[in-house]
Amino acid sequence: MTDGALLDVQGLSVRFAMPRRSPFGERLHLEAVRDVSFSLRPGRTLGLVGESGSGKTTTAMAAIRLKPAHAGAVLFEGIDLLGLDAEEMRQRRRHLQVIFQDPYSSLNPRQRVGAIVREPLDLMVADEPASRRDDRVRELFGLVGLRLDQMALFPHQFSGGQRQRISIARALATRPRLIVCDEPVSALDVAIQAQILNLLRRLQESHGLSYLFISHDLGVVQFICDDIAVMYLGQIVEHADRPALFSRPRHPYTAALLAAAPSLARRKSAGYVREAVVRGDPPSPVNIPHGCAFASRCPHTQPRCREERPLLRADAGGAVACHYPLG
Amino acid sequence: MAGPLLSIRDLKVEFATRNGPVTALDGISLDLMPGETLGVVGESGCGKSITALAAMGLIPDPPGRVAGGSILFDGEDITHADAARLRSLRGTEISMIFQEPMTSLNPVFTAGDQIAEAIMLHQKAGRAEAGRMAVELLRTVGIPEPERRARSYPHELSGGMRQRVMIAMAISCRPRVLIADEPTTALDVTVQAQIFDLMRDIQQEFGVAIMLISHDMGAIAEMADQVAVMYAGRVVETGSADAILDDPLHPYTRALIGCIPVLGKAAGLEGRMPPLAEIPGIVPPLHLLGRGCAFADRCPLAFDRCRAERPVLEGRPHRVACFAAEMEAA
């Protein structure tokens, strides 16, 4: 669909089966991701933004086949990942790596961190001589700002920020082209968060990496992403490049997210009153409303919104799924 | 001008650990004025939550103990008040909301029953009367269909609604001080915005003074009149929110503000954003703090005196504990 895209996701859907209410009852499905399409160009960062339960992590995990997709296609360098058999997929995995949110639970506590970083090399590029792999591990430790004498330590001997550096070194080991960053800084203090964000961006520039960056923090997204897809209840409601999304949000949900996010400029002393507050919580993804999923919380709802589901359509450089986009 | 409602003076709290006694709070002083919001900001482990617990008389003893200083509520020294006095203060005069509403609500009682329990304990109200008041409180905190929601169990409520129930419980006895320890950290941003708006409405309506503990400078900017910045168990800078945010004096405060990816600034900018400011290193473990300034090892302005001597808060009303800032001002 898009020329020169590294990752091109088309009509991806993910559903989870719910337990039956009774032995003869109908099986209900939770529609976690509904018909999501986006593409990521090499060397760029696409942000997936949304609140908890919006399906941002599920979308990314289904795109790299860590969760089964129900429908759709995921073209990685032109090849549909969803159509590959297990061995072909395993061969591809060296190009697709992940950094997880929680640096405490995503590292094996019984392995020394040198071995943790080396493991992807042993699994994926076992044809390289062992000494080359050792050199690569040392190089990676330098890249992410860890000392070589720390290689023999265990994860619990590191702080949260250092553990996230170990995760990054592990993700870089096989020289991937795409890294899925699943809330990589949410568990960190702001000072450490800044170090990791700067590191991720330096590595992107030096290695030509592409990131699929999942976050709920709009400040972080604004810092690191080139393009942003805003998700709500399993769908992309707005997709635009960074300057457009942050200066001229088109979807009321995007506008509400921007209004809700704390910012240093909004001061109590200046009598700041929030505009565009959304009411209530997101509806359950088991019983998705008939029309626009955001209609129940939207400040601009019209009758049409409750009846007809808006589709994502191109609009002034981006794309928005709203019958009445903002000016 | 009236004096502070809650005044913490040179408070020192120690915890017994394997490494010997560790000073979690090292002589902190804070003033909460009536009807105002004091934002307490800092990274994990800087002593924010211990400050809140100390103000409520809830330091777990052992291993913790108040080793010095005092806590004054409306002029009364409550540092060593007995259990009965503390119990009557908590709930009626000072109440608290916590970070994780799921773990601070009892899962086997309905929301209405839990609010009513607080009312029956602290006010002379019967069960039926307390139940009616609980429904009214749920309405006050903006829960739709309060009669039905009063009969809901915590697991049937969303995170935002649970936090509203916590707030309803906290304001049930019209306290004069509300301590909110990271009340929105577990919530999504649109829900966080609703809770902040609710806290501001409650402050306006009931005139309650709020101590808001947060790691988020943005939340502090939006909510606080006064701000105290904490680092490694000490207050390093205090002043009005505008003074702290627009004219920070302590190198730590400056770095903390500089490393936040600020929303809005340069939003429409084409191309890449400039790199974020970084604070090198990490917060030192409390048992390894030396004699000098706790921030000296990470500070770009540190000089000999910073490592030898501990700076104290100077200046008024914008106070800072830093030798470099003092020289800058002179």
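We name chains A, B, ... by the order of the sequence lines, and we start the count at 1 in each one.
Here salt bridge (charged side-chain N to carboxylate O under 4.0 Å, His left out) pairs that include residues 225-236 of chain B, with residues two or more places apart or in two chains, are A:Lys268-B:Asp225, B:Asp26-B:Arg234. Sorted by first and then second residue, the pairs that involve residues 36-46 of chain B and meet salt bridge (charged side-chain N to carboxylate O under 4.0 Å, His left out), not counting sequence neighbours, are B:Glu43-B:Arg298. The salt bridge (charged side-chain N to carboxylate O under 4.0 Å, His left out) analysis of residues 193-221 of chain B, with sequence neighbours excluded, yields the pairs A:Arg274-B:Asp197.
Between A:Arg248 and A:Glu238 no salt bridge is recorded (no basic side-chain N to carboxylate O distance below 4.0 Å). Using a cut-off of 4.0 Å between Lys/Arg side-chain N and Asp/Glu carboxylate O, A:Arg242 and A:Asp226 are scored as not salt-bridged. Between B:Glu156 and B:Arg148, none of the side-chain N atoms (NZ, or NE/NH1/NH2) sits under 4.0 Å from a carboxylate O, so this pair counts as no salt bridge.
Put simply, the side chain of B:Gln163 gets close to the backbone of B:Pro183: a donor and an acceptor are under 3.5 Å apart. Side-chain atoms of A:Lys56 do not come within 3.5 Å of backbone N or O of A:Ile214 as any donor-acceptor pair. With A:Asp217 contributing its side chain and A:Val220 its backbone, the two residues share a donor-acceptor pair below 3.5 Å.
Of the atoms belonging to A:Leu197, it is side-chain heavy atoms, and not backbone ones, that fall under 4.5 Å from chain B. In this structure, chain A has no heavy atom under 4.5 Å from any part of B:Ala255. Both the backbone and the side chain of B:Glu222 come within contact range of chain A, with heavy atoms under 4.5 Å apart. At a 4.5 Å heavy-atom cutoff, the contact between B:Thr37 and chain A is made by backbone and side-chain atoms alike. Of the atoms belonging to B:Pro280, it is backbone heavy atoms, and not side-chain ones, that fall under 4.5 Å from chain A. Heavy atoms of B:Met223 lying under 4.5 Å from chain A belong exclusively to its backbone. Neither the backbone nor the side chain of A:Leu245 comes within less than 4.5 Å of any heavy atom of chain B. For B:Gln203, the part lying under 4.5 angstrom from a heavy atom of chain A is the side chain only.
A cation-pi arrangement is absent between A:Arg201 and A:Tyr211, since the terminal nitrogen or guanidinium carbon is not both under 6.0 Å from the aromatic centre and inside a 45° cone about the axis.
For residues 157-169 of chain A, a heavy-atom distance under 4.5 Å to chain B picks out A:Ser159, given by residue number.
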